[in-house]
Undergrad: 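Have a look at this one.
We name chains A, B, ... by the order of the sequence lines, and we start the count at 1 in each one. It should be emphasised that the depicted structure is a prediction, and the values quoted were computed from it without experimental measurement.
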Protein chains: 4
Amino acid sequence: MSSTSVPSRRRRVGGARRAEVLDVVVDVLSERGYEHTRFTDVAKVAGVAVSTLQFYFGSRDDMLVEALHHSTEREVARLEQAGNQEPTPWPRLVALVDGGLAPLPIGTWRMLMEFWHAAVHDPELRAHSVSLQERYRRPFAEAIRDGVEQGEFHVADDVEDVVTALVALLDGLVIPRVLDHEYFDADRLRVVVLRQLRALLGVADP
Amino acid sequence: MSSTSVPSRRRRVGGARRAEVLDVVVDVLSERGYEHTRFTDVAKVAGVAVSTLQFYFGSRDDMLVEALHHSTEREVARLEQAGNQEPTPWPRLVALVDGGLAPLPIGTWRMLMEFWHAAVHDPELRAHSVSLQERYRRPFAEAIRDGVEQGEFHVADDVEDVVTALVALLDGLVIPRVLDHEYFDADRLRVVVLRQLRALLGVADP
Amino acid sequence: MSSTSVPSRRRRVGGARRAEVLDVVVDVLSERGYEHTRFTDVAKVAGVAVSTLQFYFGSRDDMLVEALHHSTEREVARLEQAGNQEPTPWPRLVALVDGGLAPLPIGTWRMLMEFWHAAVHDPELRAHSVSLQERYRRPFAEAIRDGVEQGEFHVADDVEDVVTALVALLDGLVIPRVLDHEYFDADRLRVVVLRQLRALLGVADP
Amino acid sequence: MSSTSVPSRRRRVGGARRAEVLDVVVDVLSERGYEHTRFTDVAKVAGVAVSTLQFYFGSRDDMLVEALHHSTEREVARLEQAGNQEPTPWPRLVALVDGGLAPLPIGTWRMLMEFWHAAVHDPELRAHSVSLQERYRRPFAEAIRDGVEQGEFHVADDVEDVVTALVALLDGLVIPRVLDHEYFDADRLRVVVLRQLRALLGVADP
DNA sequence: TATGAATGAGCCTTCATTCAT
DNA sequence: GATGAATGAAGGCTCATTCAT
């Protein structure tokens, strides 16, 4: 649905390079973290002057927030995409789980964490996190509801709560991954998560 | 178990107030976040001079890291404590889950998030996160292993992976809680989590 | 009399809008003050691009100085005009005083103050202030000299000093007016100033 | 009266040097003007670090405003002082006029102009200018009222208006003085001003 | 003629840190 | 043990200016 990105306040300045530079911002941000991303850092990597960044984005905060929006937007879109490939409920759910466990560049997951953290301390980002989470949950919820309606799934609890738990599980797995904890193994976890999910949905083991 | 706190070389100066002030640091830190906690902020709340803080803790980073250690230490201890109250595996697991879902002051959970985030960008903290996570996982792992040995639980996957998933689920639930997302409801989630857990462990529904 | 305005080397580029824009510069300048008038401010009000202003006027200083010249020029012309309407000395003086106390838009008076202030710190403007002041004083001096020659006025001091005092009085009244001090009342002041003037010139009260 | 200077908001920091430095600020300010007085300029002259100035005064604006207050305060006090030396009305008025025409360091007069100019664009300073002007006018008004009561002066207009005119005259003379206009001669002007004043007050020529 | 893109210089401000008391 | 004075380093921001179109 409406992937029509950010209705940002500025964004009527800058030439073609602006878009490229924004991607650089995302990279640097995921690398250094919100609070440690200086104009200088981005400027150096992007090969533009600091004042050019300000010309493009306004303030440092505006720049970082736009990068945060941009990248989270992209992730949600990626997930929605993943879900749309499969027509039937269970394979669709599996695809969604795989989307949440995919071996993407580590920066992707760090960015997520940056977003959560930044949102804790910034009301505007927190508000965005609400709408973002809604969109993030929707594909899961729809797949489960479809499965229930088609008699394929049998859920004892409220679907929303199941989604909350499922998403929390995927989000929670981001943490050991980003912190590079040894015990984390995406492939083995995938098995566990899916087994757990089958149990919750009353789907027979394969 | 060795609660050998703070393995650091940090000094041990300052009078009795030092301990009180450290608690203030924790509060301010959970409130403002690592990067936004200035000496001034703490000084104001604690009612001491900035130079006093430096006298107590050394540098700003030393102060914050000590606060991070202090509070995470406390949380792990709390969990170990919770597990020790119950003698049999399943009630012990339930107690541990309840420990992870407890309606503690929101600052407790924010602190956890601060820790994760800070650890991403600080090697020393990352190292600490490894040992901390080990201790955090242990009570869960032990309870499950006990249950398996006693024939009470039947686990299809590696126990460590089950623990990873379980802890990830609890950690992942910290996020909507801290971000104050509406759909989050600890009580209902508790039911879902426990049902999920029973399914994984082959424990009959109550 | 030579109204040889703007003795500057400043360029003469730009279309018909240039003149209109110059008036905008005057307005903005009187509103915001010399030091706080940015290209951006003028551009916004004039509805043109910043680079257009630079195209018209050159540098920021050039623009502002030209505006200062333009507006002071206009004021002096207004005064000369006022003096020329009346043929006999005393009515002419009265007209000049009225010109100095006229209820013009407040911007007019603020501009005067801007000019004084700017001239203090800019040698070129200071030089201009000298020639400007000369022309400003002249109508007063001529009227008084005429009155003396015609035996209508009797002056004990040097006429130039009388003019200095008279102009200082009018200029000094600009200050409470611009600062919007309550005690300032142009009508009542007019009576006082004229009485004072009659006393100095030995003119009988009406 | 109540020369109990500024009830400033900060001012509880800084050692003994603070007072000395404040005088430096006044000097630099009168020399360079409000808008062109940088921290750097003051720091260089005062021989302290920029951050020391900020430690003393807070922001650049706070520093300059305090300097403005400080110096205008001093001037008003000087005038009140001058008036208090003479017991009888006319000599007292003469002393006040002399105070307004005194050959003080040019910085004193430039400062006055800075103050007027700054007050035009800063509401807080404008408010201060009101109270300051009140105190500035008072000695003049009291001397005149005393003279009237003692039958020494005979005033046709409202005393306040006479004061307005007199102060305006003195203020207006600051302009050519600061702009260093050639025709300005304090001694000769003094004669004119006093003659004018005598005429207004019905005092016989000496 | 008129303008948007891009940039560099200059300055304020924040903040941790050092030092003397 | 505890604190105030003083400072240097670093970064964000404003703004005029240059350049290509």
Undergrad: Taking pairing as Watson-Crick or G-U wobble with both contacts under 3.5 Å, can you name the mate of F:dT21, or confirm there isn't one?
TA: E:dA2
Undergrad: Which is more 5' along DNA chain F, the nucleotide nearest D:Ala16 or the one nearest C:Thr40? Just name the residue.
TA: D:Ala16
Undergrad: Could you check how far NE2 of D:His36 sits from C1' of E:dC12, rounded to whole Å?
TA: 16 Å
Undergrad: Could you check how far CZ of A:Arg18 sits from P of E:dG4, rounded to whole Å?
TA: 16 Å
Undergrad: Starting from C1' on E:dT7, measure out to CZ on A:Arg17 and report it in whole angstrom.
TA: 12 Å
Undergrad: Relative to the ring of D:His117, is the ring of C:His117 parallel (under 30°), tilted (30 to 60°) or perpendicular (over 60°)?
TA: parallel
Undergrad: Between atom CD of C:Glu31 and atom CE of C:Met111, what is the distance when rounded to the nearest 0.5 Å?
TA: 11.5 Å
Undergrad: Does D:Tyr56 have a side-chain nitrogen or oxygen under 4.0 Å from the phosphate oxygens OP1 or OP2 of F:dA5?
TA: no
Undergrad: Whole Å only: how far is the CG atom of B:Asp62 from the P atom of E:dA16?
TA: 13 Å
Undergrad: Return the 5'-most residue of the pair B:Thr37, C:Gly47 with respect to DNA chain E, ranking by each residue's nearest nucleotide.
TA: C:Gly47
Undergrad: Check the distance between E:dT18's C1' and B:Leu53's CG and give it to me in whole angstrom.
TA: 16 Å
Undergrad: Which one, F:dT17, F:dT14, E:dT14, comes nearest to the side chain of D:Gln54?
TA: E:dT14
Undergrad: Nearest 0.5 Å please: distance from the CG atom of D:Leu112 over to the OG atom of D:Ser71.
TA: 8.0 Å
Undergrad: On DNA chain E, check which nucleotide each of D:Arg38 and B:Arg38 is closest to and give me the residue with the more 5' one.
TA: D:Arg38
Undergrad: List the atom of B:Val26, the atom of B:Ala67, and the distance in Å for their closest heavy-atom pair.
TA: CG2-O, 3.7 Å
Undergrad: Quick one: D:Arg60 CZ to F:dC13 P, roughly how many Å, whole number?
TA: 19 Å
Undergrad: Identify whether any heavy atom of A:Val50 sits under 4.0 Å from a base atom; if not, whether one sits that close to sugar-phosphate; answer base, sugar-phosphate or nothing.
TA: nothing
Undergrad: Could you identify the nucleotide paired to E:dT7, looking across every strand shown and requiring Watson-Crick or G-U wobble geometry with both distances under 3.5 Å?
TA: F:dA16
Undergrad: Can you check the A:Phe57 CZ to F:dT14 P distance for me, whole Å?
TA: 16 Å
Undergrad: Among the nucleotides E:dC12, F:dG8, F:dG12, which one has an atom lying closest to any side-chain atom of D:Ala49?
TA: F:dG8
Undergrad: Which nucleotide wins on minimum distance to the side chain of C:Phe39, given the candidates E:dT17, E:dT14, F:dT17?
TA: F:dT17
Undergrad: What nucleotide among E:dT17, F:dT3, F:dA6 has an atom nearest to a side-chain atom of D:Phe55?
TA: F:dA6
Undergrad: Begin from the C-alpha positions of B:Arg110 and B:Leu29 and carry the test side chain to side chain contact (heavy atoms under 4.5 Å, CB included) through to its verdict.
TA: CA-CA 9 Å; B:Arg110 294 171 75 134; B:Leu29 179 44; over 6 Å; no
Undergrad: Rounding to an integer number of Å, can you tell me how far D:Glu35 CD sits from F:dT14 P?
TA: 17 Å
Undergrad: So if I take every side-chain heavy atom of D:Ser51 and compare against E:dT7, F:dA2, F:dG8, which nucleotide ends up nearest?
TA: F:dG8
